[in-house]
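These notes are about the structure you will find just below.
Below, read A as the first sequence line, B as the second, and so on, with proteins coming before strands; counting in each chain starts at 1.
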Amino acid sequence: MKPSVTRAWSWTHKWSSLVCTVFLLMLCITGLPLIFHDEIDSALNPDAWQPARPDGEWLDLDQLLAVALDDRPGEVPIFMSFDIDRPVVNVTTGPSADAPGSEMYFASFDRTSGDLVPPADVGEGVMHFLLQLHTDLFLGLPGMLFLGAMGLLFVIAVVSGVVLYAPFMRKLDFGTVRRDRSKQVKWLDWHNLLGVTTVAWVLVVGITGIINTLETPIIDAWRYNELADLVAENDQRPAPDQFASLHEAVERAVAEAPHMELQFVAFPGSRFSTDSHYAVFLHGRTPATERMITPALIDAETGAFEGLRDMPWWVKTLSLSRPLHFGDYGGLLLKIVWAILDIVTIIVLVSGIYLWLRKRRQPRGRMAQLADPDITGGAA
Amino acid sequence: MSGRRSLFTIFAVPLVLFVVGLFGLVWALLDEGSADTVAAAAAGVAIPVMLWAWARRRSRASDTVR
């Protein structure tokens, strides 16, 4: 590689890293507890709750809906969702089906008895704070897009670092850490070694993180285009006077997609449905498909099945990018691997800052010497 | 330290780590639980390599450079 080309890559690596490092450090540090979100929740909220009749039959969804509405007189149902690991339904109600989030009320019910299930929310505030900071810096969509831009710079820093790895390793064996040289050279070697061995994970987490920052525009585009088409094809009638059985509507939708599981129901008039349909949202059963949602529309008056729409590829890409970013799809061992690689990335980031600060303090001649790959064998 | 290395020599080990790590990440995603441990081990293939580098008391290369 010509010296001028190496200098250009070096400049790219330095500045792309410097601009994003502080934010990447924040993302790595807040991401660490988020990897173990489920385990932390379980530890803080030991599940003392048990269903009233563990071996008893479940109430049907119409009965549970009636219980929920009895609890909230004057309100209408908006959403109903289903816990995966316990017999619990969650019902969201409000003064109207299109009520804003601030006016919605959320309650959970035992599917075996209809009893209220107490919320498990110890530590929820801290995890929510970390997630919000990690996702959008409490700035909403602008914050998400800003972090996406930082992620893009990070990917550029990783790629330029890999390119620079070659000229700086021309005379060194893989894995060399020159501990007998200065502290600076030693950390340069560690920076290069840790960086190059974790490229696959870092690129996967970085690129999926960028995709995740586009979640809001992607979901909005899906909702306003693809879902709107499905709704428009069927949205010809006003809200019915009499509603068909919710339980039968859900069973009908599940029968149309036997390889999927029920996720939630949007009631007529709500944000994710039409005035005259139950929108039943189903998802896959495997780690790769469990975030892929397929909505089915059921006529709320007759209970007839009216249509089902798979996600387009660009929404499926978003769905795949979530588990690949958070590492919550392959059991505890994968989470531990995720955490270790996250810590390694923190070391790479901090060592990069350290090397930059040390180089700034070097006299120009010494800097040129350190920049010589034949002497230092490093890219930072 | 020996003579100048080819691009292939420089990137041989990192390339293997990249492919195995990426394979593990995707495998864990596509697998339905039966091979989680193996997939996670593949995803974390870089970890033993780092431990190996950490455990080496002195690199032969640095002695030669000096």
Side-chain angles (χ1 to χ4, degrees), chain A residues 1 162 165-181 185-186 189-190 192-205 208 284-290 320 323-324 327-341 343-344 347 374-377, chain B:
Chain A
M1 195 183 291
V162 171
Y165 181 78
F168 287 108
M169 291 300 287
R170 278 179 310 201
K171 294 191 172 183
L172 293 174
D173 288 330
F174 173 81
T176 299
V177 178
R178 292 164 293 172
R179 299 166 198 219
D180 51 341
R181 297 285 298 275
V185 170
K186 184 181 80 174
D189 287 342
W190 272 120
N192 289 337
L193 176 63
L194 299 182
V196 84
T197 53
T198 54
V199 167
W201 181 84
V202 160
L203 281 182
V204 165
V205 174
T208 54
R285 296 174 192 270
T286 68
T289 61
E290 68 180 0
L320 279 175
L324 278 171
D328 57 356
Y329 58 93
L332 184 60
L333 184 60
L334 188 69
K335 290 185 178 187
I336 293 170
V337 165
W338 223 265
I340 292 171
L341 295 178
I343 292 167
V344 169
I347 295 171
D374 283 351
I375 299 169
T376 64
Chain B
M1 181 177 71
S2 49
R4 286 178 174 248
R5 284 153 176 75
S6 65
L7 265 186
F8 177 79
T9 309
I10 291 169
F11 281 110
V13 179
L15 190 63
V16 170
L17 296 177
F18 182 87
V19 172
V20 174
L22 196 60
F23 177 74
L25 292 172
V26 176
W27 187 13
L29 187 64
L30 299 178
D31 179 68
E32 293 184 32
S34 57
D36 272 356
T37 306
V38 185
V45 67
I47 297 167
V49 174
M50 291 179 235
L51 291 174
W52 161 79
W54 183 72
R56 289 170 83 191
R57 297 193 67 82
R58 287 190 182 279
S59 79
R60 285 176 295 132
S62 66
D63 291 338
T64 316
V65 166
R66 193 168 43 152

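The choice from B:V13, B:L22, B:T37, B:L7 that makes the most heavy-atom pairs within less than 4.5 Å of chain A is B:V13. When each of A:A166, A:G331, A:G327 is scored by its heavy-atom pairs under 4.5 Å with chain B, the top score falls to A:A166.
Heavy atoms of B:L25 lying under 4.5 Å from chain A belong to its backbone as well as its side chain. Neither the backbone nor the side chain of A:L332 comes within contact range of chain B; no heavy atoms are under 4.5 Å apart. At a 4.5 Å heavy-atom cutoff, the contact between A:V204 and chain B is made by side-chain atoms alone. Looking at B:W27, neither its backbone nor its side chain comes within 4.5 Å of chain A, counting heavy atoms on both sides. With a threshold of 4.5 angstrom between heavy atoms, A:L333 approaches chain B through its backbone and through its side chain. Of the atoms belonging to B:L29, heavy atoms from both backbone and side chain fall under 4.5 Å from chain A. Only the side chain of A:V344 comes within contact range of chain B, judged by heavy atoms closer than 4.5 Å.
When every heavy atom of B:A43 is checked against every heavy atom of A:L334, the shortest pair comes out as CB-CD1, 3.9 Å. Across all their heavy atoms, A:V337 and B:G44 have their closest contact at CG1-CA, 3.5 Å. Across B:G21 and A:A200, no two heavy atoms sit closer than the pair C-CB, 4.4 Å.
Atom CG in A:D173 sits 4.5 Å away from atom CZ in B:R5 (nearest 0.5 Å). The structure places NZ of A:K171 at 11.5 Å from CD1 of B:I10, a figure rounded to the nearest 0.5 Å.
Using a 4.5 Å heavy-atom cutoff, the side chains of A:F174 and B:L17 are in contact. Taking 4.5 Å as the limit, every side-chain heavy atom of B:M50 sits out of range of all side-chain heavy atoms of A:L193.
Taking the six-membered ring for Trp and thresholds of 30 and 60 degrees, A:Y165 and B:F11 have ring planes inclined between 30 and 60 degrees apart.
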